[in-house]
Amino acid sequence: MEGLLPQLEVVRKDFPILERTLAGGMPLVYLDSANTSQKPQCVIDTMVDHLERHNANVARAMHQLGAEASEAFETGRDRVAAFIGAPSRDEVIFTKNASEALNLVANTFAWARGDLAVGEGDEVVITEMEHHSNIVPWQLLTQRTGATLRWFGLTDDGHLDLEGIDDLITERTKIVSLTWVSNMLGTVNPIAAITRKAHEVGAVVVVDASQAAPQLPIDLAAMDEAERPDVIAFTGHKVVGPTGIGVLWGRRTLMEQLPPFLGGGEMIETVTMERSTYAGLPHRFEAGTPPIVEAVGLGAAVEYLSDLGMEAVHAHEQAITAYALEGLATVPGLTVLGPLDATQRGGAISFEVDGVHPHDIAQVLDSRGVAVRAGHHCAKPAHARYGVQSSTRMSSYLYTTPSEIDALVEALEYTRSYFKLG
Amino acid sequence: MSATELDALYQEIILDHYKNPHNKGLREPHEAEVHHVNPTCGDEVTLRVHLTGEPGAETVADVSYDSVGCSISQASASVLTDLVIGKPVDEALAIHESFLTLMQGRGNVEPDEDVLEDGIAFAGVAKFPARVKCALLSWMAWKDATARVIQEKAS
């Protein structure tokens, strides 16, 4: 099959978990990578080595271990900056996860004064295909400030409905926040075009890159400034890194204007009993002891991806996704939600099967070793848009093989026979 | 999970109730209506309770419901209504308690068929922590609705 990662079997050996078996001796077929990705040995080893040999707090310990830990932590930041082509490494802020990164932005906007202040008459624009993490923070922001929340609707074939964009993005728009790649529909959104439009009216653009960072090459510095988002957020655990760490990249001139988020250690310049002054980027937004070993692990993770080459990872995803769409189309009664053209979508494919509830599908698939997600995938409004209560989602990644897709299709056939459907 | 465990989860009785649910659909009269959701998966039930009789000695005259969800949650709503409709509230609450104990027993509780009838088919569900909430959705809704009616009558 064209487009697959060269030496896929060798790559798979980097991920020890892929070799384990499940109950009944079933080999693991892991198709839940949009939920969380598996970890290569180099990430595991790097984190263990850090804890075994270099553990200390960062930026405040005046001893050799402290220096080593600080260097490892900041090297993690350098690697993440290189991974997304950040114009400046100081624009990379570590958070707990993508949700915290998005909440950081929404909260600091709620507290902003002057040019960035959000209030009555202002509008925040999101889309109907967002993960709850990119809906709720903006509902909170607009409720707290009296601003109005608006959103792009979706077309029947799973794309953003851009027809009304001139009515939606106007002089009143302060912030446009949208996902790059949908976690439910798989749709890849035209970030550059929407960002250009938003910048024309002076709006700030926030992009949820949680599903994009794992599979699309991102080079922020290479983007035309008019088309470059002002903020992108993603999480470490979906890019073969550990949980507990997220990334917020924010344009320096924006982030320097936003007020602090959490107050505490490390985010200050000086503190008196009356008032404090704050550290520069990125520490201004990193109060308290950060996720140190997680940052070190994330650095190893993005370096692993860069060594494989994000172009190659993307090509692999597209090849597997096209193959999966073909396979799923052979299952009677199965309907895919979202674009059917693999070149227009990411590797998460949600679907329904007539007559079987997604939980029951996932349960039977699990008995065959096939791990998928079932439910609303934290995207209830997108499900509601298509009149669907919940769906089953398979999501591949760089280690997914065509034979695993075959196993999924075969297990879906088994599910239909188990529930006596034709 | 092996095929045997899968069969223990999806007993024929459960699949029968799923395909042909008993007492489904919302009916009048009712004194309370509740809406319960399982936030992790999105399963929903709207459930109505109609009680008759004197305070302290009520009978479950009707339980009607509308729901969306998996086979386990749908079948358990069907079994619930079969078990409690027509029973004195006290007895119905005892059946509820018995079902709850079974579901929370991690597969170590021996169900009493005299009390739970078709409900014993859910014994296998107790071994799947992720599915226990599915089985309990309508049961919790029924208890909530019943408590509301009794409270309202008392006040």
Structural part of [X] lying under 4.5 Å from a heavy atom of chain A:
| X | result |
| --- | --- |
| B:Asp43 | both |
| B:Tyr18 | side chain |
| B:Gln74 | neither |

Could you report the tightest heavy-atom contact between [X] and [Y], atom names first, then the distance?
| X | Y | result |
| --- | --- | --- |
| B:Glu12 | A:Lys420 | OE2-NZ, 3.4 Å |
| A:Phe419 | B:Leu15 | CE2-CD2, 3.5 Å |
| A:Val364 | B:Tyr10 | CG2-CE1, 4.1 Å |

Q) CD1 of B:Ile72 to CG of A:Asp360: how many Å apart, nearest 0.5 Å? A)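 B:Ile72 CD1 to A:Asp360 CG: 6.0 Å, rounded to 0.5 Å.
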Q) Atom OG of B:Ser71 and atom CD1 of A:Ile361: how far apart are they, to the nearest 0.5 Å? A)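 Spacing of OG (B:Ser71) from CD1 (A:Ile361) equals 10.5 Å.
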Does [atom1] in [X] sit with more than 12 non-hydrogen atoms of other residues, nucleotides or ligands closer than 6.0 Å?
| X | atom1 | value |
| --- | --- | --- |
| A:Lys380 | NZ | yes |
| B:Glu28 | CD | yes |
| B:Lys143 | NZ | no |

Q. How about residues 91-111 of chain B versus chain A: which residues have heavy atoms under 4.5 Å apart?
A.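 Listed by number: none.
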**Q.** Test side chain to side chain contact (heavy atoms under 4.5 Å, CB included) applied to B:Cys134 and A:His359, A:His357, A:Gln363, the passing residue
**A.**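 Single pass found, and it is A:His359.
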